[in-house]
Amino acid sequence: MAISIAQITDLHLLADPEAALRGCVTTARAAEVFGALRERSPDLLLLSGDLSEDGSPASYERLRDWVEALGCPAIAIAGNHDQPQCLAEICGRSPFINESVYTVRGWRIIALDSYQPKRVDGWLGSEQLDWLDQRLGEEATPTLLVLHHPPVLISVDKMDAIGLKDRPELLGLIARYGQVRLVLSGHAHQAFIQCRGTTAFLGCPATAMQFDQAELPAGWRSLELEADGSWRSQIHWVPALSTLALNQ
Ligand SMILES: [Fe+2]
């Protein structure tokens with residue numbers, strides 16, 4: 001049976017649930033997305049950073065409550081806007097998964113930390129890359145990596161300037177092993193797909209405002225992972241775009 005994964009990213013939650021960020025009431029948008037996720041009942045939720053805008057305990061507590069209500073395991077990583085310590089304290093227990101490597105039905109899900117204090121761009125560092133090298137060398141199980149900063153250039157100058165700074169090292173490592181099928185990221189606030197060999201690099205729309213098309217609603221990505229290493233993925237909008245068109 002395939003593993004059903006939901007990726008949501010860049011919620012940018014604020015302590016005040018009615019406050020707006022660039023005209024976007026981020027708490028309301030996130031609440032709608034969690035409503036849509038409850039109808040899908042995924043096996044695993046991936047939260048790929050910028051979960052809070054202000055790093056407030058209230059924002060993480062709200063997120064924890066939504067995840068608990070969803071009722072599936074969740075992996076939450078920090079983005080450049082997050083406060084990792086606060087995130088870990090509030091979202092550090094079940095249903096959140098603490099381990100960096102999570103094995104489920106023939107796949108390994110590996111969470112990477114590209115957060116740097118007081119910096120917008122990302123960095124993994126040699127210690128973490130060495131650790132990943134060891135994990136990938138252990139077994140050839142189909143593998144999904146998730147990190148906040150895109151490890152590929154996406155032809156958006158402003159975003160490429162604040163992406164993952166040690167992307168060549170990560171890409172070189174992935175290329176040395178054949179089993180990394182998917183690399184998921186956030187940060188870009190837009191969807192993209194790039195393929196290098198047998199590895200697909202997928203960007204996910206934000207739950208909060210989109211950078212490429214501001215008129216788009218909240219987005220999220222679903223993935224179905226098969227035991228043979230194949231996968232399918234789709235972007236979803238909340239509300240659905242067809243619904244938006246009908247309402248105009
Ligand atoms: Fe963001």
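The basis for the numbers below is simple: all heavy atoms, side chains too, and nothing from hydrogens, waters or symmetry mates. Each residue takes its place number in the sequence, starting with 1. Every number for a ligand or one of its atoms is a count from 1 in the order of the listing.
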K.L.:
Among the N/O/S atoms of Asp50, which is closest to the Fe ion (ligand 1)? Give the atom name.
P.N.:
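Minimum-distance N/O/S atom of Asp50 relative to the Fe ion (ligand 1) is OD2.
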K.L.:
Below 6.0 angstrom between ring centroids: does that apply to His148 and His81?
P.N.:
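No, too far apart.
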K.L.:
Strictly under 2.8 Å, is any N, O or S atom of His187 next to the Fe ion (ligand 1)?
P.N.:
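Checking the Fe ion (ligand 1) against His187, no N, O or S atom falls under 2.8 Å.
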K.L.:
Looking only at N, O or S atoms, find the one in His189 nearest to the Fe ion (ligand 1) and name it.
P.N.:
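The nearest such atom is NE2.
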K.L.:
Would the distance check show the side chain of Gln7 and the main-chain N or O of Gly203 forming a donor-acceptor pair, the cut-off being under 3.5 Å?
P.N.:
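Here the side-chain-to-backbone pair does not exist.
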K.L.:
At a threshold of 2.8 Å, where the distance has to be below it, does the Fe ion (ligand 1) have an N, O or S atom of His12 nearby?
P.N.:
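Yes, within the cut-off.
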K.L.:
Are a donor atom and an acceptor atom from the side chains of Arg221 and Ser233 found within less than 3.5 Å of each other?
P.N.:
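There is such a pair (donor and acceptor under 3.5 Å, judged by atom type) between the side chains of Arg221 and Ser233.
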K.L.:
I'd like to know if Glu138 pairs up with Arg108 as an ion pair, taking the criterion as any Lys NZ or Arg NE/NH1/NH2 lying under 4.0 Å from an Asp or Glu carboxylate oxygen.
P.N.:
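So Glu138 pairs with Arg108 through a salt bridge.
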K.L.:
Return the name of the atom in Asp10, of element N, O or S, nearest to the Fe ion (ligand 1).
P.N.:
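So the atom name we want here is OD2.
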K.L.:
Surrounding CD of Glu139 (heavy atoms of other residues, nucleotides or ligands, distance under 6.0 Å), is the total greater than 12?
P.N.:
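Yes.
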